*Asks:* 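Let me give you the structure first, and then I'll get to my questions.
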Amino acid sequence: MTSMTDAPEQGFRLRQLLYDTRYRSLTIQVIVFMLFMLGAAWVVDNTVRNLQALGKDFNFGFLFNRAGYDIGQTLIPYTNDSTHARAALVGFLNTLLISLMGCIAATVIGVFVGVLRLSKNWLVSRLMTVYVEVFRNIPVLLWILIILAIFTEIMPAPNAYRVTDQMLAEGVQPAASPILFGSIALTNRYTAIPSVSFSRSLGEFDTALMPVSINVLAMIAALAIGIFINRRILAKAKVVQEATGVRPTTWWKTTLLLIGPLVAVMVALGFHLNEPVLRGFNFVGGVNVTNAFVVLWLALSLYTGAFIAEIVRAGILAVSQGQTEAAFALGLRASRTMRLVILPQALRVIIPPLISQFLNLTKNSSLAIAVGYMDLRGTLGGITLNQTGRELECILLMMLIYLALSLVISGVMNVYNSAVKLKER
């Protein structure tokens, strides 16, 4: 006889999708996905109907039409006869440039200020605190406008740097003089900086996007070779240290490998700087960087640097005080303790929020329109949008570009974060 406890297995019932824990989570996911797809379909259908009512369609053919406007600062060849796609590429490269230089400058400022905020010198610590509190509590757009006003109203005109024979004879100094080794001139219209030249240049070759300098490729190759060899030497030194307890001296080898090949290639190519010289009403011979770029770079760097300073300070404070005491007990000086013991451990705390600050700086660069710097927002999301009337396509494309750029930055920094994080056994 069959035992009464051996009940026949019941078949699947629909109510199990809600009441059975084995299926409930899957059911909820399917329902949410279907609702999301229905919402997306409604948005697309509504957009298409509205475009049809306005006599418009959805396509990106306008990108291949003539742009018809000039861009002041370009990293690749561009004229007003170029296409809107080319203009968008110029704006994207300008966004990359300001974002890269801003992240580098903000990181340097943030590390410097963050360390000094912990200084035992009362005055230095308070000055750094004032900087952090002032810059991070005022909107970045206001800082952009303030620095723009300083450059526009306070900086001298280019002709203020003029030196005449009569002034030399009378020993009269010009109204303004170049700064930073006598090579950089700050004016109310642009910043004149030296340009790079090679007396024994290897030339360049054309690509679909831009001419590529063989000189730059040779310098990059020399630097890459030096870094590769240096990594092998450091790896070998680590093996020797783990085997014997004594680490071989490698600092001079690292310095030589990182600097030597690059300097050798630069000397072989006849690297030199062309300093800007005043001719007529403008500087020639160097590079005249638009003040819109300089203002935006300074504002973003100083603003983001204040946030990074707090991140660095928090990361240092997160390291146990015992680490510092142990380093002092071994005879390490305060500077070497900070560089060799504290900061390497603090990186594990610093890197994750630092990624967010890099992303914020990149997205804040879209405020370049306030000073007339032609970035992606000024080209694709500005003049191109107004000329073509393709607001949906321009905004959607701009959103996708910023999304892709942010994901790339996040991905690269996450790889670095994985390399420095604590390895658990």
Side-chain angles (χ1 to χ4, degrees), residues 47 50-51 54-102 139-149 151-152 187-191 207-211 282 287-300 359-406 408-409:
T47 302
N50 289 336
L51 288 175
L54 296 174
K56 293 183 177 181
D57 59 351
F58 183 82
N59 67 78
F60 294 93
F62 69 94
L63 291 174
F64 305 100
N65 297 335
R66 179 178 179 272
Y69 60 90
D70 294 318
I71 300 177
Q73 179 175 320
T74 63
L75 297 178
I76 61 176
Y78 172 85
T79 65
N80 55 18
D81 290 325
S82 301
T83 62
H84 286 293
R86 186 78 173 184
L89 178 60
V90 171
F92 174 67
L93 293 177
N94 285 345
T95 296
L96 284 181
L97 178 63
I98 192 67
S99 300
L100 177 61
M101 293 192 63
V140 63
L141 179 58
L142 291 183
W143 283 118
I144 293 174
L145 297 178
I146 290 172
I147 298 177
L148 175 64
F151 270 77
T152 303
T187 75
N188 57 1
R189 300 210 313 264
Y190 53 77
T191 300
T207 64
L209 295 179
M210 58 183 291
N282 287 297
V287 177
N288 295 335
V289 181
T290 173
N291 273 350
F293 174 84
V294 179
V295 166
L296 185 64
W297 175 60
L298 286 175
L300 293 177
L359 295 178
N360 289 338
L361 188 147
T362 301
K363 290 178 286 188
N364 285 338
S365 68
S366 60
L367 295 173
I369 193 69
V371 291
Y373 180 69
M374 297 297 287
D375 66 337
L376 184 64
R377 169 67 179 85
T379 55
L380 179 62
I383 300 179
T384 294
L385 185 152
N386 293 328
Q387 283 188 357
T388 61
R390 295 286 182 174
E391 60 281 348
L392 181 60
E393 292 90 337
C394 289
I395 296 299
L396 179 61
L397 186 58
M398 189 167 58
M399 289 172 59
L400 292 176
I401 292 175
Y402 274 114
L403 175 62
L405 180 58
S406 297
V408 170
I409 295 174

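Both backbone and side-chain heavy atoms feed into the values below; hydrogens, waters and symmetry mates do not. Not measured: the values here are computed from a predicted model.
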*Asks:* Over all heavy atoms of both residues, which pair between Leu380 and Ala88 is shortest? Give the atoms and the distance, please.
*Replies:* CB-CB, 4.1 Å

*Asks:* Work out which heavy atom in Asn291 is nearest to a heavy atom in Asn188; give both atom names and the distance.
*Replies:*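 Nearest heavy atoms, Asn291 then Asn188: ND2-C, 3.4 Å.
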
*Asks:* If we ignore hydrogens and angles and just use 3.5 Å, is the side chain of Thr384 paired with the main-chain N or O of Thr379 as donor and acceptor?
*Replies:* yes

*Asks:* Do the non-hydrogen side-chain atoms of Phe293 and Thr191 ever get within less than 4.5 Å of each other?
*Replies:*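 SC-SC contact between Phe293 and Thr191 ruled out.
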
*Asks:* What I'd like to find out is whether the side chain of Leu51 reaches to under 4.5 Å of the side chain of Asp57, using heavy atoms alone.
*Replies:*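 No, side chains not in contact.
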
*Asks:* Counting C-beta onward and ignoring hydrogens, is there a side-chain heavy-atom pair between Ile144 and Leu296 closer than 4.5 Å?
*Replies:* yes

*Asks:* What pair of heavy atoms forms the shortest contact from Asn364 to Leu300, and how long is it?
*Replies:*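 Taking Asn364 first and Leu300 second, the nearest heavy atoms are CB-CD2, 3.8 Å.
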
*Asks:* Is there a side-chain contact between Val140 and Leu367, using heavy atoms and a 4.5 Å cut-off?
*Replies:*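 Side-chain contact under 4.5 Å: yes.
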
*Asks:* What heavy-atom pair brings Val371 and Leu148 nearest, and what distance separates the two atoms?
*Replies:* CG1-CD2, 3.7 Å

*Asks:* Could you list the residues that satisfy salt bridge (charged side-chain N to carboxylate O under 4.0 Å, His left out) with Lys56, not counting sequence neighbours?
*Replies:*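 Partners of Lys56 under the salt bridge (charged side-chain N to carboxylate O under 4.0 Å, His left out) test: Glu391.
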
*Asks:* Step through the shown structure and confirm whether more than 12 heavy atoms of other residues, nucleotides or ligands are within 6.0 Å of CH2 on Trp297.
*Replies:* no

*Asks:* Working to the nearest 0.5 angstrom, can you tell me the gap between Ser365 OG and Asn360 CG?
*Replies:*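 Going from the OG atom of Ser365 to the CG atom of Asn360 covers 11.0 Å.
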
*Asks:* Of all heavy-atom pairs between Gly372 and Ala292, which one has the smallest distance, and what is that distance?
*Replies:* C-CB, 4.2 Å

*Asks:* Going by salt bridge (charged side-chain N to carboxylate O under 4.0 Å, His left out), name the residues that satisfy it together with Arg66, two or more places apart in sequence or in a different chain.
*Replies:*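 For Arg66, the residues satisfying salt bridge (charged side-chain N to carboxylate O under 4.0 Å, His left out) (neighbours in sequence not counted) are Asp81.
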
*Asks:* Return the minimal non-hydrogen interatomic distance between Leu141 and Ala370, and the atom names on each side.
*Replies:*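 So the two residues come closest at CD1-CB, 3.7 Å.
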
*Asks:* Write out all pairs satisfying ring-ring contact (aromatic ring centres under 6.0 Å, His included) with one or both partners inside residues 61-94, taking only residues at least two apart or from two chains.
*Replies:*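 Residue pairs passing ring-ring contact (aromatic ring centres under 6.0 Å, His included), neighbours aside: none found.
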
*Asks:* Which distance, rounded to the nearest 0.5 Å, do you find between the OG of Ser366 and the CG of Leu376?
*Replies:* 9.5 Å

*Asks:* Do Leu93 and Ile76 have side-chain heavy atoms sitting under 4.5 Å apart?
*Replies:*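 Sidechains of Ile76 and Leu93: in contact.
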
*Asks:* Would you say Arg189 and Asn282 are linked by a side-chain donor-acceptor pair, where the criterion is simply a distance under 3.5 Å?
*Replies:* yes

*Asks:* Does the side chain of Thr95 come within less than 4.5 Å of Arg377's, by heavy atoms?
*Replies:* no

*Asks:* Any chance you could lay out the side-chain contact (heavy atoms from CB on, under 4.5 Å) test for Ile401 and Leu397, step after step, and finish with the verdict?
*Replies:* CA-CA 6 Å; Ile401 292 175; Leu397 186 58; 4.2 Å; yes

